Amino acid sequence: MLDYSQIRALLALEEEGTFEGAARSLRVTAFAITQRIKLLEKSLGVRLVERKPTRTSDAGKVLCEHAREVLALETEVLSQHNLAVVERKSDPQVLKIALNDESLSGWFGRVLKDQPKRDNGFRFDVTLTNCDRSTDLMQSGDVVAVT
């Protein structure tokens, strides 16, 4: 089954033409759009977006057309039967970061401690590392930030 948030990210990217534009239209970050499309591509085993220049691939165009048809049918069925989809809070976005001991026990430890009190739509996936390895993690794309 296809994930609606990933499909909507692909549709927004096709309509807006950029990751930033898609992010604005869905009110998420460009990173969230990138991650959703990567997950969709991984689950389908095919490239859906060409990155330079940014545009949907042939497979992406086919999937977008299918998604538009499915969404139109869904809207029709819901309206014909006076049904409504209750908006639920989307799952939080995961920010993968790498920290050293000093940052974790210091300033960033306080950020993590306060995180459950915040309702900001994301959570952290923290990798504890040293500065030698943090560059490799960043370059490989395993994390989006290091400290």
Side-chain angles (χ1 to χ4, degrees), residues 1-100 103-104 108 111-147:
M1 180 135 199
L2 298 173
D3 181 294
Y4 272 68
S5 68
Q6 294 169 1
I7 293 295
R8 283 194 169 89
L10 181 64
L11 287 169
L13 183 64
E14 184 182 57
E15 291 169 13
E16 299 295 330
T18 66
F19 286 87
E20 293 79 14
R24 275 191 304 277
S25 73
L26 294 179
R27 296 186 179 132
V28 298
T29 64
F31 175 74
I33 298 295
T34 300
Q35 292 306 304
R36 290 174 187 180
I37 289 176
K38 279 183 182 179
L39 288 170
L40 185 58
E41 289 177 330
K42 184 177 180 180
S43 71
L44 296 173
V46 65
R47 172 78 86 198
L48 299 170
V49 175
E50 302 299 331
R51 267 56 176 193
K52 297 196 187 228
T54 302
R55 62 181 179 79
T56 51
S57 67
D58 291 341
K61 289 176 182 153
V62 169
L63 185 56
C64 284
E65 183 58 33
H66 170 74
R68 280 191 283 277
E69 290 173 13
V70 168
L71 292 171
L73 287 171
E74 180 182 278
T75 301
E76 183 181 328
V77 166
L78 292 174
S79 66
Q80 284 177 353
H81 298 283
N82 295 321
L83 301 172
V85 176
V86 176
E87 288 290 324
R88 76 172 182 87
K89 196 173 216 179
S90 63
D91 294 331
Q93 292 299 305
V94 178
L95 298 176
K96 293 184 173 192
I97 60 173
L99 299 174
N100 59 34
S103 295
L104 184 59
F108 203 82
V111 171
L112 291 175
K113 182 180 174 195
D114 292 340
Q115 183 63 23
K117 299 175 191 170
R118 297 187 185 124
D119 185 17
N120 52 16
F122 67 89
R123 67 178 180 82
F124 295 105
D125 179 353
V126 178
T127 300
L128 193 58
T129 187
N130 59 36
C131 58
D132 295 334
R133 188 164 174 263
S134 61
T135 303
D136 294 337
L137 290 169
M138 189 75 169
Q139 288 176 336
S140 69
D142 291 335
V143 298
V144 296
V146 296
T147 173

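Only a predicted model underlies this, so the values are computations on that prediction, with no experimental measurement involved.
- Under a cut-off of 6.0 angstrom, the local environment of CG in D58 is sparse, with at most 12 non-hydrogen atoms contributed by other residues, nucleotides or ligands.
- Among all heavy-atom pairs drawn from S103 and L99, the shortest one is CB-CD2, 4.4 Å.
- Residue-environment remark: CZ (R68) exceeds the threshold of 12 foreign heavy atoms within 6.0 Å.
- T56 places none of its side-chain heavy atoms less than 4.5 Å from the side chain of L63.
- Taking every heavy atom of both residues into account, S57 and R47 meet most closely at OG-O, 2.7 Å.
- When the shell of 6.0 Å around CZ of R51 is examined, it contains more than 12 heavy atoms from other residues, nucleotides or ligands.
- In this structure, CD on E20 lies 9.5 Å from CG on L13, to the nearest 0.5 angstrom.
- Exactly one of V126, D125, T127 qualifies for a side chain to side chain contact (heavy atoms under 4.5 Å, CB included) with K96. That residue is D125.
- By the 4.5 Å heavy-atom criterion applied to side chains, L2 and L40 are counted as neighbours.
- No salt bridge links K38 with E41; every basic N to acidic carboxylate O contact stays at or beyond 4.0 Å.
- When all heavy atoms of T129 and A98 are compared, the pair lying nearest together is CG2-CB, 3.6 Å.
- The OG1 atom of T75 sits 11.0 Å away from the CD atom of Q80 when rounded to the nearest 0.5 Å.
- Between F19 atom CZ and I33 atom CD1 the span is 8.5 Å, to the nearest 0.5 Å.
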Give the table of side-chain donor-acceptor pairs shorter than 3.5 Å for residues 5-12, with sequence neighbours excluded, one pair per line with atom names and distance.
| from | atom 1 | to | atom 2 | distance (Å) |
| --- | --- | --- | --- | --- |
| S5 | OG | D3 | OD1 | 2.5 |

